[in-house]
Amino acid sequence: MDRRGGWRAVLVAVTVLGVPLLLCVGASRLGLGPFAEDAGVVVTQHQPQEVRVSEADPEFLAVGVAWSEDGYCSGQFSLPVTETPTEVRLGTVTSRVHPGGACAGLGTSNGMAWETVRLGGPLANRVVVRDIDGARLPVYDESRRPVIPSPTS
């Protein structure tokens, strides 16, 4: 291989490897992509307080957390859920606020913010339990009527 061919191979290797790397670094600096830096992001954690089950689709639960702000953003919360045949365990709700970011604001209701989760099947007769302390949470329908099983049964 001549000297020109060697340099071409090096140039191609740098281009093939370097350009995607530069794009990833640039995107992360802009807050985009899987390597995005969370610069300025405010993270708080909250415990689930109550649950509402959808009458139209009993696989959907709205999980309420105490919230003192006037509103919150769609997609702001994440919530780990573990299901067994007898219970649904709700983990700690994590809020991530990106200052200066666009927000489709949602209003709070009675000092609560809500995150919707989809279960693997209908809630049916399973109890809903807060993972951190094992407390059974109240479950209501969309009209805020208690749904069986209730925490007192």
Side-chain angles (χ1 to χ4, degrees), residues 13 15-153:
T15 302
V16 168
L17 298 173
V19 170
L21 179 63
L22 287 173
L23 289 174
C24 285
V25 169
S28 72
R29 296 275 183 203
L30 293 172
L32 305 170
F35 304 109
E37 293 179 4
D38 280 346
V41 173
V42 178
V43 177
T44 57
Q45 296 193 321
H46 311 271
Q47 295 306 317
Q49 301 299 311
E50 72 177 60
V51 175
R52 293 187 184 163
V53 63
S54 169
E55 294 171 13
D57 189 343
E59 292 182 3
F60 282 97
L61 298 181
V63 179
V65 297
W67 194 251
S68 61
E69 304 291 324
D70 288 335
Y72 56 99
C73 297
S74 176
Q76 176 175 334
F77 301 108
S78 61
L79 167 64
V81 177
T82 305
E83 298 182 61
T84 71
T86 59
E87 67 183 16
V88 174
R89 294 188 78 85
L90 302 177
T92 300
V93 177
T94 301
S95 164
R96 285 185 173 76
V97 177
H98 301 269
C103 175
L106 303 171
T108 56
S109 172
N110 298 324
M112 302 278 275
W114 298 88
E115 172 64 12
T116 302
V117 296
R118 183 181 183 98
L119 301 175
L123 179 61
N125 291 325
R126 296 185 286 175
V127 295
V128 180
V129 178
R130 185 170 46 219
D131 200 35
I132 195 166
D133 60 5
R136 289 177 65 174
L137 296 178
V139 179
Y140 301 100
D141 66 13
E142 292 161 333
S143 300
R144 205 156 189 296
R145 292 181 300 238
V147 172
I148 303 299
S150 72
T152 57
S153 62

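Because the structure is predicted, anything quoted here is derived from the model rather than measured.
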side-chain contact (heavy atoms from CB on, under 4.5 Å) with Arg96: of Val42, Val41, Thr44, only one passes, and it is Val41
Distance, nearest 0.5 Å, that separates CD of Glu59 from OG of Ser54: 10.0 Å
Does any part of the side chain of Val93, heavy atoms only, come nearer than 4.5 Å to the side chain of Gln47, both counted from C-beta? no
Shortest non-hydrogen contact from Pro48 toward Val63: CB-CG1, 3.7 Å
Any idea which heavy atoms bring Thr108 and Glu69 closest together, and the distance? CG2-O, 3.3 Å
Partner of Val129 under side-chain contact (heavy atoms from CB on, under 4.5 Å), chosen from Asp131, Val127, Ile132, Asp133: Val127
Is the CG atom of Asp57 crowded by more than 12 outside heavy atoms at less than 6.0 Å? yes
Could you pull out the closest heavy-atom pair between Arg126 and Pro85, with the gap in Å? CG-O, 3.3 Å
Considering all heavy atoms, the nearest Gln49-Leu137 contact: O-CD2, 3.7 Å
Regarding Gln45 and Ser95, is there a side-chain donor-to-acceptor distance under 3.5 Å anywhere? no
For the residue pair Tyr72 and Gly107, what are the closest heavy atoms and their distance? CE2-O, 3.7 Å
Gap separating the CH2 atom of Trp67 from the NE2 atom of His46, nearest 0.5 angstrom: 4.5 Å
I'd like to know whether CG of Leu106 has more than 12 heavy-atom contacts from other residues, nucleotides or ligands below 6.0 angstrom. yes
Heavy-atom side-chain proximity of Val65 to Glu115 below 4.5 angstrom: no
Residues, nucleotides or ligands: over 12 heavy atoms within 6.0 Å of Asn110 CG: no
Would you indicate whether the side-chain heavy atoms of Val51 and Leu90 approach each other to under 4.5 Å? yes
Between Thr116 and Phe60, what is the shortest heavy-atom contact and its length? CG2-CD2, 3.7 Å
